There are 2 protein chains.
Amino acid sequence: MSELENVSVAVSPRDKFGEYLSTRNKRLTRERELVLEQVFSSHEHFDREELVATLTARTDGRRVSRATVYRTLQELERAGLLRKVARANGRDVFEHDYGYPQHDHLICNECGKLIEFPATEISKVVAEVSAAHGFRQRGHRLEVYGMCDECCRPPEGRHPKLDMI
Amino acid sequence: MSELENVSVAVSPRDKFGEYLSTRNKRLTRERELVLEQVFSSHEHFDREELVATLTARTDGRRVSRATVYRTLQELERAGLLRKVARANGRDVFEHDYGYPQHDHLICNECGKLIEFPATEISKVVAEVSAAHGFRQRGHRLEVYGMCDECCRPPEGRHPKLDMI
DNA sequence: CTTCGTGCAAAACCTTTGCATTAAA
DNA sequence: TTTAATGCAAAGGTTTTGCACGAAG
């Protein structure tokens, strides 16, 4: 109950994952490293299929199978490195849940864009409500749906949807 | 742009659905009525499978097929009578989105319970944030996860999970 | 050695769809 | 009659799993 606590800052995703794994007698394999690397190579949102497409297409010795990608994503979620933020086209959308400020999303139903905004205000309200119910809150997910700025004014330039391709 | 507006209060789900349907040359069939009736017979949350189980099991002439249940749920969503509030066990969880005050949920990861709370505070913040981003907000969904009151104190009486059966 | 992880293909799930039949308007 | 909806079974798409083989400790 002491040295396991200081996992706060300056620990890389890789280290955090390694710690999570060793705690439960699991191994930081080459494949898990490859998934980790790909996932944390950018801050973009992604879904399983996109990641699988990238990792199974590799021709060098760095290919990772679909099954392993799926299994590793589960571990990354449990390790607190990833979280599901939304659903699009019947797929879960993932994002980093570590080393990145808490935020929520505005989701445009027209073009599918995700707009992030700081969760500060929301978190306060969530904390209050949880306390009032004796609920041990561990996190939240807020999706606001509607239509984004750009999609609101279509008769201008080209069609909004074309911007997504 | 006049008599279509007063759909506010005192209109039954059935009437609202009927109006929605007739607007687009669709029909309020016997099957759709059966689904509607079942869905609005209580305020409980439910998923597709539960509803299908009930409606396809009937032996009297009131059976509704799986395909029709799925199709009708889509219509009810579009009509503004139902909405998806969460995901559990890989299934969408539905609830009434009409004739019921706006609220959000605390979701217990231990026993699966959904605890509702008024969305008033959250809605205010959501409106502010949306305005600041020029986002035409049409609704939101907030899930707070953690552990509920009861599941926090297990060493008492029987095991919390047993209460759910 | 012993345990854990990977890759493959099959299986399991959930949801959608084509089509012939039946029911509304 | 004309158009829409139903039910079934088949197809689609995503995720999980059993198992033999390979890798890590």
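Just so we're clear, the structure is a prediction, and the values are computed from it rather than from any experiment. All heavy atoms count here, side chains included; hydrogens, waters and symmetry mates do not. We name chains A, B, ... by the order of the sequence lines, and we start the count at 1 in each one.
One interatomic measurement links the two molecules: CD of A:Glu31 to P of D:dA23, which rounds to 9 Å at whole-angstrom precision. As rounded to whole Å, 12 Å separates atom P of C:dG7 from atom CZ of A:Arg58. Between the C1' atom of C:dT6 and the CZ atom of A:Arg62 lies a distance of 17 Å, rounded to the nearest Å. Taking atom CD of residue B:Glu33 and atom P of nucleotide C:dA23, one finds them 15 Å apart after rounding to whole Å. Atoms CG (A:Leu21) and C1' (D:dA23) sit 16 Å apart, rounded to a whole Å. Atom CG of B:Leu34 and atom P of D:dA5 are 16 Å apart (whole Å). Atoms CG (A:Leu73) and C1' (C:dT6) sit 15 Å apart, rounded to a whole Å. Protein atom CZ of A:Arg32 is 12 Å distant from nucleotide atom P of D:dA24, rounded to whole Å.
In this structure, A:Tyr100 has its ring center under 6.0 Å from that of A:His43.
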Check against side chain to side chain donor-acceptor pair (under 3.5 Å), A:Glu95 and A:His103: CA-CA 11 Å; A:Glu95 74 172 9; A:His103 59 273; 3.0 Å; yes
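Put simply, A:Thr29 has no side-chain N or O that comes within less than 4.0 Å of OP1 or OP2 on C:dC4.
A search for ring pair (Phe, Tyr, Trp, His ring centres under 6.0 Å) contacts involving B:His45 returns B:His105, not counting sequence neighbours. Residues forming a ring pair (Phe, Tyr, Trp, His ring centres under 6.0 Å) with B:Phe46 (at least two apart in sequence, or on another chain): B:Phe94.
Judged by distance alone, with hydrogens and angles left aside, the side-chain atoms of A:Arg63 form a donor-acceptor pair with the main-chain N or O of A:Thr56 at under 3.5 Å.
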query: If the sugar-phosphate is the primed atoms plus P, OP1 and OP2 and the base is the rest, what is the B/S/- string for nucleotides 8-22 of chain D, using protein heavy atoms under 4.0 Å?
result: B-----SBBBB----
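Comparing C:dG7, D:dG7, C:dT6 by their nearest atom to the side chain of A:Val64 picks out C:dG7.
Atom CZ of B:Arg136 has 12 or fewer heavy atoms from other residues, nucleotides or ligands within 6.0 Å.
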